[in-house]
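Every chain is numbered from 1 and lettered A, B, ... according to where its sequence line falls, protein lines coming before strand lines.
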Amino acid sequence: MLEFPRWKKIWLSGLTLLAILAALPSLLSVVNVRWPEALPDPMVNLGLDLAGGSHILLEADPDEVAALRLENAEETVRSLMRDAEPRIRIGDLSTANGRLSFMLENGSDVDRARELLLPFVNGTGMTREWELSVVDRSRVILTPTEDGLSTAVAQAMDSATEVVRRRIDELGTREPTIIQQGDNRIVVQVPGLENPDQLKDLLGQTAALEFKLVDQTALPSDVAQGIAPPGSQIVPYAPGTPFEGQSIAVRRLGGIQGDSLVNAQQTFDQQNNEAVVSIEFDQQGASRFARLTTENVGKPFAIILDGEVLSAPNINEPIRGGAAQISGSFTAESANALAISLRSGALPVDLAVVEERTVGPDLGADSIRKGLLAMMIGSVAVIVLMIVSYGRFGVYATAALVLNVLMLLGIMAIMGTTLTLPGIAGFVLTIGAAVDANVLINERIREERKRGRRVVAAVENGYKEASRAIYDANVTNFIAGVLLFLFGSGPIRGFAVVLIIGLFTSVFTAVTLTRMWVAGWLRKTRPTDLNI
Amino acid sequence: MRLLKLVPDDTNINFLQWRMPFYVVSLLLIAASWVLVFTQGLNYGVDFAGGQEIRATFVGQEEADIPAIRSTVGELQNVGDPVVQRFGSPNEVSIRVKLPPEAEGNPAFADQMTRTITDALQAEYPSIRIDGVDSVSGKVSGEFREKAAYALLAAMLAIAMYIWVRFEWQFGVGALFALFHDVSLTLGMFALFQMEFSLQIIAAILAIIGYSLNDTIVIYDRIRENLKKYRKMPLPELLDLSVNETLARTVMTSLTLLIALIPLLLFGPASLFGLVAAITLGIFVGTYSSVYMAAPILIWLGVTSRSFVPQEGAADRQERIARGEG
């Protein structure tokens, strides 16, 4: 037990040194000393509860993704059937119950329709995206498959995360964290951001921009009651616009989506100095926009943002350059926010804020200062107690304790983990476990001496007998830590991570390192009695 | 230098002779805790109940006027009945409001509420500093509750299983029961004093479980050792011996942790108070439960030294007979 070959000593000391070095940048940053930039600087990130900032949890509704997917399928099916040679006539199309079903006017088209739909139904991935069935020989039903749906949700979330990242980058805030969580959530954490209103405004806007022709055949009385003519839909005016509270009917299909934008800027209208957003289409978008405006000169078209009409101007002349202006009773700020959202692309799905936490930076800094002071006082008291109780062995225990804290910090820094308030509870427990290990060992050595064992045998037995309980206690805590990590949510995980790393460092420092030191001392001085 | 010994050598305190009264009292306390939890209820923070919590400091003021704040906030429209509590220093408060059903899935509504409340407070108290706002929707808070409960249960069961494997089933039951005692009493205290129960407190309970378990295992380990050593000793006596032998360690470890925690309790940040208070209580409860809950249960569950002494196998017996050793 007390044999330590040279290679083992070098290995143990090297490991300790490495972990301590990794802890240095984090420690120095607390006392505001700058770490040389040329060196690697692993840092323990402070959680928002300690450092201040905003935490926002966004959630998408998978049903909404499914509904959008169905809408797109409808458009695809219509165009596939329309473009077939000869054209396949369909009718009675419905998207009720999450399925797309339609009637073939001519039952003999079934096989052709099936063949045309095959690539769409099978999709591009490994799994089939829709289940196609035919009833009564002429009704085609497309049912979304589970795999197809979950792939669609996953894709929507991937691109939503990307859009969120671009929008936050536009704000120019410092080191935001944007992570997808679970199937349909995104966590956004922005350290140092005290007022998250701007951020939320930006994220709350889906920014799905559409240009649709106004259906002028609709009777105003029907529109007021929400009844749309076939092929049209009723869209309300956005709050803040002159026609707030009213609605208009627009053609459902044949419009232009805002996803073909290449740029958007907030500018001012030259005639009335109103804040507007100038947009620029890509080539394809520009030509479609040109066609739409050429074919419909003199008719009104609606500019729709997130399902609300911003304005419905008349098309005075064809717009061919691919540049246009959106007016919608904006303020300079709201026009700027919209421009950012349009530049970063529309969210493929609405995101709702389901959790929000903001900690002011003063409070965070205050917490750390008070916490450090209290820990300082506590540490000094513990050190005094250990040394007056166990003498030399107390000094070893204290050194082990200090190294334990440093190593724990160092490993957390290397792994890039975040220290939160619950993490501090884990820290306390770890330190408790380390102290306890040394108390167990030292009390056992006392006991063995009392029973009349010689110095070396007493120390050896002390470590051996105490190790069993230390081992059992740490394994049980380890099991608990792993389970907490698996089952727990955010803050509980923060606790579990510290606990798991801490178990390793505390056993390493409190048992292995102290044993090495004690062995070295015994070898050098060969004492005949122990003051313990 | 003479070293400090907090516990004299060779103590022989008859701890377990009071095991019955202590057990009865403890069982009553456990029952009382659960009655409190179910009648008074836990004062769930926004983590578990959903809603909004606004933390604020009245800068330059000695003490915040809590009733006045309560009426200022309570008079606002749509806010309902706010919970206003001191949070740390006397001039720091936490204001909690429930979110009305309209706010579910409608973040703008929740924002509007926050703005209404902070505007009203800032108009009434110009020196106020808003330190933080938490807003948790009903759905997310439900998930937090569920996940916390699962995590706690899973951890406790796994611990019991491990101890069963390493020791004997009686020890697994004993450890589980001791943990149940600790968790119950902690919950009971939170129900009694209506301290805010949040995710942080779950972390504290986990730390308590960890500590108490550590304590239980140290005593169990000594019991195991002594069972092998003194095969004829009656169990109550043997348990007492084991508790006495580990007493110095128990006192020393608990004391060390307490002196590390008490400064944190007195001078630490307000945001840590609930957490540290729970862990401090847990040290007492955990130490007590290891001695008076986890150990005596072994008597009733019928632990014997046979559990740990290697039994004579069939082959051993044949060999013994063959040697003619009877």
Side-chain angles (χ1 to χ4, degrees), chain A residues 49 57 197 200 204 352-360 362-363 366-367 370-371 373-375 377-379 381-382 385 388-391 421-422 424-426 428-429 431-433 435-436 439-440 443 447 450 468-469 472-473 475-477 479-480 483-484 487-489 491-492 495 499 531-532, chain B residues 1 3-4 6 9 55 105 107-108 111 129-137 139-140 143-144 147-148 150-151 154-155 158-159 162-163 166 199-200 202-204 206-207 209-211 213-214 217-218 221 225 245 248-249 252-253 255-257 259-261 263-264 267-269 271-272 275 279:
Chain A
D49 47 358
L57 183 63
D197 288 350
K200 279 191 300 185
V353 177
V354 285
E355 185 195 353
E356 183 202 330
R357 290 165 195 275
T358 310
V359 178
D362 295 341
L363 188 73
D366 205 36
S367 296
K370 281 183 174 167
L373 174 77
M375 279 203 229
I377 300 173
S379 308
V382 168
L385 182 67
V388 298
S389 300
Y390 299 121
L421 279 179
I424 290 182
V428 173
L429 182 60
I431 292 171
V435 169
D436 188 52
V439 170
L440 268 172
E443 289 292 339
E447 224 177 293
K450 226 159 50 195
R468 213 175 38 236
D472 277 336
V475 173
T476 32
N477 269 326
I479 295 173
L483 282 171
L484 292 178
F487 289 106
S489 44
I492 295 183
F495 172 84
L499 177 66
N531 186 15
I532 190 165
Chain B
M1 182 176 88
L3 297 178
L4 174 75
L6 291 170
D9 290 344
R55 292 178 300 277
D111 282 357
R129 181 184 80 198
I130 304 293
D131 290 324
V133 180
D134 285 354
S135 181
V136 180
S137 77
K139 191 175 161 198
V140 172
E143 283 175 22
F144 277 148
K147 280 193 152 183
Y150 281 144
I159 286 167
Y162 175 79
I163 294 183
R166 280 287 292 175
L199 271 173
Q200 269 188 48
I202 295 287
L206 295 172
I209 287 183
Y211 177 76
L213 193 70
N214 200 48
I217 286 179
V218 167
D221 179 69
E225 193 184 326
E245 280 180 349
R249 172 262 152 202
M252 190 66 192
T253 300
L255 191 73
T256 317
L257 268 180
I259 62 177
L261 284 171
L264 217 47
F267 313 117
S271 43
L272 274 181
L275 183 93
I279 297 181

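- For chain A, the nearby parts of B:Leu264 are the backbone and the side chain; heavy atoms of each come within less than 4.5 Å.
- Judged by distance alone, the side chains of B:Tyr211 and A:Asp436 never bring a donor and an acceptor atom under 3.5 Å apart.
- Residue contact with chain B, scored on non-hydrogen atoms closer than 4.5 Å, is absent for A:Leu499.
- Residue B:Ile209 does not touch chain A at all, counting heavy-atom pairs closer than 4.5 Å.
- B:Ile259 touches chain A through backbone and side chain together, each having a heavy atom under 4.5 Å away.
- For A:Ser379, no part lies under 4.5 angstrom from a heavy atom of chain B.
- Proximity to chain A is limited to the side chain of B:Glu143, based on heavy atoms less than 4.5 angstrom apart.
- In terms of heavy-atom pairs under 4.5 angstrom with chain B, the leader among A:Leu373, A:Thr476, A:Leu483 is A:Thr476.
- The distance from atom CZ of A:Phe495 to atom CD of B:Gln200, rounded to the nearest 0.5 Å, is 12.0 Å.
- When all heavy atoms of A:Ala473 and B:Ile217 are compared, the pair lying nearest together is CA-CD1, 3.6 Å.
- With a threshold of 4.5 angstrom between heavy atoms, A:Glu356 approaches chain B through its backbone and through its side chain.
- Listed options A:Ala374, A:Ala381, A:Gly378 were ranked by heavy-atom pairs under 4.5 angstrom with chain B; first place goes to A:Ala374.
- Contacts between B:Leu213 and chain A at a heavy-atom distance below 4.5 Å involve the side chain alone, from C-beta outward.
- Contacts of B:Leu206 with chain A are made by both backbone and side-chain atoms, with heavy-atom separations under 4.5 Å.
- Per-residue heavy-atom pair counts under 4.5 Å with chain B were compared for A:Ala433, A:Ala480, A:Ser389, and the maximum is reached by A:Ser389.
- For the set A:Ile431, A:Leu57, A:Ile377, the entry with the most heavy-atom pairs within less than 4.5 Å of chain B is A:Ile377.
- The contact between A:Leu440 and chain B is made by backbone and side chain atoms together, counting heavy-atom distances below 4.5 Å.
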